[in-house]
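The structure appears right after this line, and notes come after that.
No hydrogens, no waters, no symmetry mates; every other heavy atom, side chains included, goes into these values.
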Amino acid sequence: MSLYRNTVWLLKGLQEYTKGGYEAAARSFSEADLEVAVSGRSFIITGANSGIGKAAACEIAKRGGTVHLVCRNEDRAKEARKDVVEQSKNENVHVHLVDMSNPRKVWEFASGFSQNHNLHVLINNAGCMVNQRELTEDDLEKNFATNTLGTYILTTALIPTLKKSENPRVITVSSGGMLVQKLNVEDLQFEKGSFDGTMAYAQNKRQQVIMTEQWAAQHKEVHFSSMHPGWADTPAVRSSMPDFYAKMKNKLRTEAQGADTVVWLAISDTASRQPSGLFFQDRKAVSTHLPLASSRTSPAEDQKLMSELEELAVKFKS
């Protein structure tokens with residue numbers, strides 16, 4: 001990562017990604033955008049047992065949506081469901097246990113879900129930041145398996161189901177951290193050089209943004225978007241980035257502030273009128289590159305990412 005990119009990003013983050021950044025942006029929000037009833041619409045939210053995923057689930061359930069929480073840990077998932085039902089007074093909240101780092105399980109879940117349910121909106125929120133290079137049982141690097149391949153398989157597998165619905169959408173929770181990374185399609189699983197979990201995560205988040213752009217070009221019937229929630233005070237930030245949390249805890253957004261743009265993209269009419277494939281921050285489409293940062297890739301590199309993911313994904317499809 002270049003020092004220039006890092007410095008520009010940090011200055012931008014301190015101004016825009018904090019609680020103060022959210023409050024400044026929120027002055028221009030239209031409250032009417034979220035005054036929407038979504039009963040009869042079905043939403044999948046991955047990584048929904050805490051943080052931004054759970055906050056988004058609550059807001060969508062409050063507006064009558066049928067919410068499918070996709071979680072890894074059964075106890076925490078049941079606890080989350082109980083909280084969401086209590087806060088929303090909506091019983092249409094369902095738990096599905098899936099480890100997003102296990103590609104076979106992701107395929108199985110998507111296949112079973114498609115047979116038994118309809119789907120209007122998929123929110124790819126699950127993510128991890130493992131700070132040491134760790135391999136899954138399938139010999140996949142853990143961050144890549146969860147953040148990139150899991151997201152790719154789930155979305156690809158559910159696109160046919162989404163296409164049967166009215167006004168279908170896919171929202172992927174990326175991160176502004178991806179601005180410091182240029183896609184490295186030659187080393188998707190960080191096998192070369194020293195391993196840095198924060199940079200691996202940022203690379204995965206860049207991959208998600210490119211996947212979103214590619215899907216938008218391929219599937220015109222579905223509205224795709226990616227977004228940055230800002231720096232929010234979530235359990236994941238506390239456990240994965242303790243030094244960052246210690247320095248920034250008084251400036252971090254609430255979980256609800258981090259989830260605001262997710263909910264806006266998932267339910268508002270205004271969002272669905274935006275072009276498909278864009279990257280959002282605080283309800284606005286923003287650039288996916290810092291000025292003069294040399295982080296752009298060629299169409300051939302973007303296409304190579306999709307081809308490699310497809311090749312890997314097919315290996316695990318039973």
| remark: Result for side chain to side chain donor-acceptor pair (under 3.5 Å) between K205 and one of Q207, Q208, Q203 points to Q208
| remark: Taken in chain and number order and not counting sequence neighbours, the residues that satisfy ring-ring contact (aromatic ring centres under 6.0 Å, His included) with Y4 are none
| Of the options N125, T234, N49, D83, which is the one that meets K54 in a side chain to side chain donor-acceptor pair (under 3.5 Å)? | D83
| request: Start with the C-alpha gap between T161 and N118, add the side-chain angles, then the distance that decides, and say whether side-chain contact (heavy atoms from CB on, under 4.5 Å) holds. | output: CA-CA 7 Å; T161 306; N118 62 357; 5.5 Å; no
| request: Locate the shortest heavy-atom distance separating G177 from A202; write the atom from each residue and the value. | output: O-CB, 3.4 Å
| task | Grab the two heavy atoms, one from N147 and one from A126, that are nearest each other, plus how far apart they are. | result | OD1-O, 4.3 Å
| Heavy atoms from other residues, nucleotides or ligands near NZ of K163 exceed 12 (cutoff 6.0 Å) | yes
| request: Before giving the answer on side-chain contact (heavy atoms from CB on, under 4.5 Å), spell out for F224 and I159 the whole-Å C-alpha distance, their side-chain angles and the decisive distance to 0.1 Å. | output: CA-CA 11 Å; F224 291 90; I159 282 171; 4.0 Å; yes
| query | Are D233 and K19 ion-paired here, with the side-chain N under 4.0 Å from a carboxylate O? | reply | no
| said: Atom NZ of residue position K251 - does it have more than 12 heavy atoms of other residues, nucleotides or ligands inside 6.0 Å? | reply: no
| task | Please determine if K304 and E186 form a salt bridge, counting it only when a charged side-chain N lies under 4.0 Å from a carboxylate O. | result | yes
| message | In the structure I gave you, are the side-chain heavy atoms of K182 and R206 within less than 4.5 Å of one another anywhere? | response | no
| L183 side chain near L305 side chain, heavy-atom distance below 4.5 Å | yes
| message | Distance to the ring centre below 6.0 angstrom and angle to the axis at most 45 degrees; does that hold for R283 and F29? | response | yes
| said: Between the side chains of E91 and R81, is the shortest nitrogen-to-carboxylate-oxygen separation below 4.0 Å, so that they form an ion pair? | reply: yes
| field | Pairing of E59 and K62 as salt bridge, 4.0 angstrom limit | value | yes
| note | Sorted by chain and residue number, the ring-ring contact (aromatic ring centres under 6.0 Å, His included) partners of F280 (sequence neighbours excluded) come out as W264
| task | Would you please classify the geometry between the H228 ring and the Y17 ring as parallel, tilted or perpendicular, with 30° and 60° separating the classes? | result | perpendicular
| Given side chains that start at C-beta, do those of W215 and M306 come closer than 4.5 Å, heavy atoms only? | yes
| Looking at Q214, M178, H289, which one forms a side-chain contact (heavy atoms from CB on, under 4.5 Å) with V209? | M178
| task | Please work out whether the ring planes of H94 and H117 are parallel, tilted or perpendicular, with thresholds of 30° and 60°. | result | tilted
| note | All heavy atoms of S287 vs all of L179, minimum pair found to be O-CD2, 4.0 Å
| request: Please state whether the rings of H68 and F113 are parallel, tilted or perpendicular, taking 30° and 60° as the class boundaries. | output: perpendicular
| task | May I ask you to test the C128-N143 pair for a side-chain heavy-atom distance under 4.5 Å? | result | yes
| request: Would you indicate whether the side-chain heavy atoms of L140 and F316 approach each other to under 4.5 Å? | output: yes
| field | Other residues, nucleotides, ligands: >12 heavy atoms within 6.0 Å of E311 CD | value | no
| field | Pair E74 + K78, salt bridge at N-O below 4.0 Å | value | yes
| task | Determine whether L188 and T148 make a side-chain contact, defined as any pair of heavy atoms from C-beta on separated by less than 4.5 Å. | result | no
